[in-house]
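Worksheet: the structure to be examined is printed underneath.
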Amino acid sequence: EVARREPGKKRHVASLALVLPGGRKVYLVDATPDFREQLDKLADVRDAPVGRADRAPIDGVFLTHAHMGHYLGLAFLGYEALHTQKIPVWATPRMAGFLRTNGPWSQLVSKEEIELRELADGATVELGEGVRVTAVRAPHRDEFADTIGFRISGPTRTVLYVPDTDSWVAWGDRLAVALEGVDVAIVDGTFFSGDELPGRDVAKIGHPLMKDTVERLGDRVAAGRLTVYFTHLNHSNPALEPASEASKYLREKGFRVLAEGEELGL
C-alpha cells in the first residue's frame, strides 16, 4: 500500500544479477515478473543494441525453484516477446523437467529460445573471471520442483544466496556446511514475525522468521565472520520501513535489509 502511494518505495521481486565486468557478461539468478524493469536497471553494464530488439539481453539464468516470483519472467524470452536463441537456463533436473513438460515454458524449449542445463545439488558452473556458481539444496514447499540456493564465489569473496527456504531447523547440519567459507549471506527475509498475515498460519507457508535468523547467525555476525542481508520480503514485513522498530532491531543486531539495486563486489 505504501509503495502505491509513494512509487519511490517500490521494490522489485527478489533477484540477483551477476556482472562479469571484463567480458560485459550478465547472468540473472531467477527470472521474476519484474524481468523487464530489472533488465532496464542493467543498461549501464550491458552492451545492448540501440534502436532494435535485444535478442540476447542476458548470458544466462540460474533458477532457484518453481514458485511464481522466481521463474515467470522466462516468458519474456519467448516467441511473443524477445524470441531469444538458446539462452542458457540452469535448473535442477526436476525443475528442468517441469519446464519441458508444461506450457508455455515447453515452447521456450521446443523453439530453442532457452537451453536447459541441469544442475544437481553441489554442482558448480564456472562463469569465467574467477566467478563460479554452486547449487545448494534448500528445503522448501516443492509442489512443482525442488528448491536450490547458490554459493557464488569470486576472486575475493563468497556469497550464499538463499531467497526462499523453510525454517533453518529443516536444514539440520547442512546449514553450517553451506556457510563454510562464506563472507556474505543473502537470505530469506519474507516475514519478520509470525503474526503478519491474519487468517493464515505463517509457519505453514514455510519461511524462517527474521528473528530466528538473527538468533541462529547472530554470533557469526557479531564476531565479524559473516555479513547478512535479508531479501524476498513480503509486503506485510515491517522491516520494509527503515524507521520501523523491526528495522531498528535488525540494525542493532548487525543485520540489514538488502537495498534495491545494491552492489556487492566479489
Side-chain angles (χ1 to χ4, degrees), residues 13-20 23-35 38-39 42 45-46 55-78 81-82 84-102 104-140 142-154 158-165 174 178 182 185-188 231-232 264 266:
V13 178
S15 176
L16 288 186
L18 308 180
V19 180
L20 277 61
R24 304 285 286 183
K25 291 187 175 182
V26 179
Y27 300 84
L28 292 184
V29 181
D30 285 333
T32 82
D34 292 327
F35 183 84
Q38 288 168 327
L39 280 187
L42 294 170
V45 298
R46 297 170 48 241
R55 303 297 182 195
I58 48 177
D59 295 281
V61 180
F62 291 85
L63 296 179
T64 59
H65 64 305
H67 285 166
M68 62 180 290
H70 301 264
Y71 77 103
L72 295 189
L74 290 177
F76 293 107
L77 303 178
L82 291 176
T84 56
Q85 295 184 10
K86 294 186 177 182
I87 297 293
V89 174
W90 286 273
T92 68
R94 187 178 169 197
M95 180 76 195
F98 172 80
L99 296 172
R100 288 191 189 99
T101 55
N102 289 276
W105 324 109
S106 56
Q107 182 171 283
L108 294 170
V109 179
S110 64
K111 288 186 175 294
E112 297 188 336
E113 290 156 337
I114 65 173
E115 182 179 84
L116 293 174
R117 301 184 181 183
E118 296 187 3
L119 194 61
D121 179 28
T124 295
V125 178
E126 299 283 349
L127 298 183
E129 300 188 48
V131 178
R132 61 189 181 278
V133 179
T134 302
V136 178
R137 177 80 173 91
H140 195 40
D142 293 339
E143 300 94 338
F144 301 111
D146 45 3
T147 303
I148 53 176
F150 296 101
R151 283 175 59 108
I152 305 161
S153 300
T158 295
V159 175
L160 176 66
Y161 184 63
V162 181
D164 241 334
T165 180
R174 293 191 304 110
V182 168
I186 304 173
V187 298
D188 186 338
T231 190
H232 195 273
L264 303 173
L266 292 173

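This structure is a prediction, so every number in the text was calculated from the model and none was measured.
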message: For a 4.5 angstrom cut-off between non-hydrogen side-chain atoms, does Leu16 reach Ile152?
response: yes
- request: Look up atom CG in Asp188 and atom OH in Tyr161, then write down how far apart they are to the nearest 0.5 Å.
  value: 9.5 Å
Pro163 and Val187, any side-chain heavy atoms less than 4.5 Å apart: no
message: Looking at Gln85, I'd like to know if its CD atom is crowded, meaning that more than 12 non-hydrogen atoms belonging to other residues, nucleotides or ligands lie closer than 6.0 Å.
response: no
query: Does the side chain of Leu28 come within less than 4.5 Å of Phe35's, by heavy atoms?
result: yes
field: Sequence-distant partners of Arg55, salt bridge (Lys or Arg N to Asp or Glu O under 4.0 Å), two or more places apart
entry: none
Flag side-chain contact, heavy atom, 4.5 Å: Leu18 against Val29: yes
- prompt: Can any side-chain N or O of Arg137 pair as donor or acceptor with the backbone N or O of Arg174 at less than 3.5 Å?
  reply: no
message: Quick one: does any side-chain atom of Asp34 pair with a main-chain N or O of Val13 as donor and acceptor, under 3.5 Å?
response: yes
query: Do Thr147 and Asp142 get their side chains close enough for a donor-acceptor pair, meaning under 3.5 Å?
result: yes
message: Can a donor-acceptor pair be found, under 3.5 Å and without considering hydrogens, that links the side chain of Thr92 to the backbone of Met95?
response: yes
query: Hey, is CZ on Phe144 packed in by over 12 heavy atoms from elsewhere, all under 6.0 Å?
result: no
task: Applying ring pair (Phe, Tyr, Trp, His ring centres under 6.0 Å), name anything that partners Tyr71, two or more places apart in sequence or on another chain.
output: Phe98, Trp105
query: In terms of side-chain geometry, is the basic nitrogen of Arg100 or Glu115 positioned less than 4.0 Å from the acidic oxygen of its partner?
result: no
message: I'd like to know whether Val61 forms a side-chain contact (heavy atoms from CB on, under 4.5 Å) with Tyr27, so could you lay out the CA-CA distance, the side-chain angles of the two residues, the decisive distance to 0.1 Å, and finally the verdict.
response: CA-CA 6 Å; Val61 180; Tyr27 300 84; over 6 Å; no
message: If we check side-chain hydrogen bond (donor to acceptor under 3.5 Å, both in side chains) with His232, which of these qualifies: Thr165, Asp30, Asp164?
response: Asp164
message: For Val162 and Ile148: C-alpha separation, side-chain torsions, deciding distance, then whether side-chain contact (heavy atoms from CB on, under 4.5 Å) applies.
response: CA-CA 8 Å; Val162 181; Ile148 53 176; over 6 Å; no
task: Evaluate side-chain contact (heavy atoms from CB on, under 4.5 Å) for Leu99 paired with Leu74, printing each intermediate quantity in order.
output: CA-CA 10 Å; Leu99 296 172; Leu74 290 177; 4.2 Å; yes
message: In the structure I gave you, are the side-chain heavy atoms of Val133 and Thr124 within less than 4.5 Å of one another anywhere?
response: no
- prompt: Do Thr32 and Gln38 meet the criterion of a side-chain donor-acceptor pair at a distance under 3.5 Å?
  reply: yes
Contacts of type side-chain contact (heavy atoms from CB on, under 4.5 Å), residue Thr158, not counting sequence neighbours: Arg151, Ser153, Val182, Asp183
